[in-house]
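First up is the structure itself, then whatever we jot down about it.
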Amino acid sequence: MVHISLQLLKHYHGGHVAIRLALGGCVNRPFYRIVAAYNKRARDGKYIEQLGSYDPLPNIYNEKLVSFNYDRIKYWLACGAHPTKPVAKLLGLAGFFPLHPMTITNAERLRRISETKSKHPPAVEEGQETEQQPTEGA
Amino acid sequence: IKIPKSTLKMCILILITGLDLQKVFRPVKMEMKHPSYHLMTDEQLFEVQKGVEGRQMLQIVPVLPERKPVCDILAVDITFNVPHRERFIVTREPDGTLCKATCVERDWMVQIYFPYKGRQLTAPAVFEEAIRYLTFSFIFVLKIHHLTYENIDQHGNCDLLCSTHHFGRMVWYLGSKIRIDGLIIDMILRGLIHDAESAVELYHMMYSQFQSVKEATVQQASRIDLLKVRCILFYLVVYCVTGCYEILKHNSVFEHLHM
């Protein structure tokens, strides 16, 4: 009987497993781990399993590196885990999910801004294009 | 370039490789183990070295076939059980195109997430030069294989690879590029005329559809004759190119062949 209550205490009431980014790294140098953890846990606290990583700062070849363990992600999604928005966006960009609508919207907005800036000759140069601007047909 | 499946060609390649015991069993850096002592007479030692062990050390190692170049994008699949060749490594470019990563990018990514022991992220600068400092124990990439063989052919350093397990590969590669003349001449100059004859025979087997080869089989020319013809042809070509008659008249190669 003691065993059952111990296990009941360990589970959260009404919580669920989330696939989310856990922040790590140093000052002015973020690094995210893509992690399956209980919803109520601290962001950087004890997680169930690490499913990948994401480095938001571009490297010498101007690439942002992301890694996913698709096998385990499929398992956790099948178990009913909820991916958060940034994770869903990353998975969309990687091709595992369809593209997130906010990615497309942000890209369109940025494109409009850069077009208006190029039309009105700028005092500020347009170095503002980010690396993520999918075409509107995508 | 794959290993020839025909066993006869393999036999010829193994024959040509030779078995220089001094070179095969030269002191090599190995991991530290407790030494094992065997009491043998000189004859027993010679037999053991010559027989199984020597041949095993000279076995031609098959190399994976070349990958076709693919130009695609950098999310990496880090599933543990997937072989590196089938891993999904994908790039999403600023235009929005989703594509697979290039071979270079793939290797680099695999090295980042699944690092091989002793391998760095970028290859050391030694491999970029025309490989003058031949440390052939480091050869593990097809491109470098080919570069080495071509370098050897240019400089005529065939004896560097003679009696190692790279020799058969090199002969096969040069044969497929139809550039065995340098090798044959090198062998003749070193006095290995039988090896040279075997090389010519291998060449004839590889290119049996050439007219010269067909005529040779029809006439049933002897091996030494074929070798002589090959040498004459080669030096004729050289004479046509350089215009140097000395090459045709006084040549140590012809002396070796008693012509």
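So you know, we letter chains A, B, ... as the sequences are listed, proteins then strands, and number each from 1. In this text, all values refer to a predicted model and were calculated from it rather than measured experimentally.
- Using a 4.5 Å heavy-atom threshold, the side chains of Trp108(B) and Glu63(A) count as touching.
- Rounded to the nearest 0.5 angstrom, Ser67(A) OG and Ile112(B) CD1 are separated by 10.0 Å.
- For the side chain to side chain contact (heavy atoms under 4.5 Å, CB included) with Asp71(A), the qualifying choice from Thr79(B), Val82(B), Asp77(B) is Thr79(B), the only one to do so.
- Applying the salt bridge (charged side-chain N to carboxylate O under 4.0 Å, His left out) test to residues at least two apart or on different chains, the pairs with a partner in residues 30-56 of chain A are Arg29(A)-Asp55(A), Glu49(A)-Arg72(A).
- Ile73(A) does not touch chain B: none of its heavy atoms, backbone or side chain, sits under 4.5 Å away.
- For the atom pair CZ (Phe88(B)) and CZ (Phe96(A)), the distance works out to 10.0 Å, reported to the nearest 0.5 Å.
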Item to complete: Test Val76(B) against Leu65(A) for side chain to side chain contact (heavy atoms under 4.5 Å, CB included), laying out the working first.
Response: CA-CA 8 Å; Val76(B) 184; Leu65(A) 300 185; over 6 Å; no

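- To the nearest 0.5 Å, the span separating OH on Tyr70(A) from CD1 on Ile78(B) amounts to 10.0 Å.
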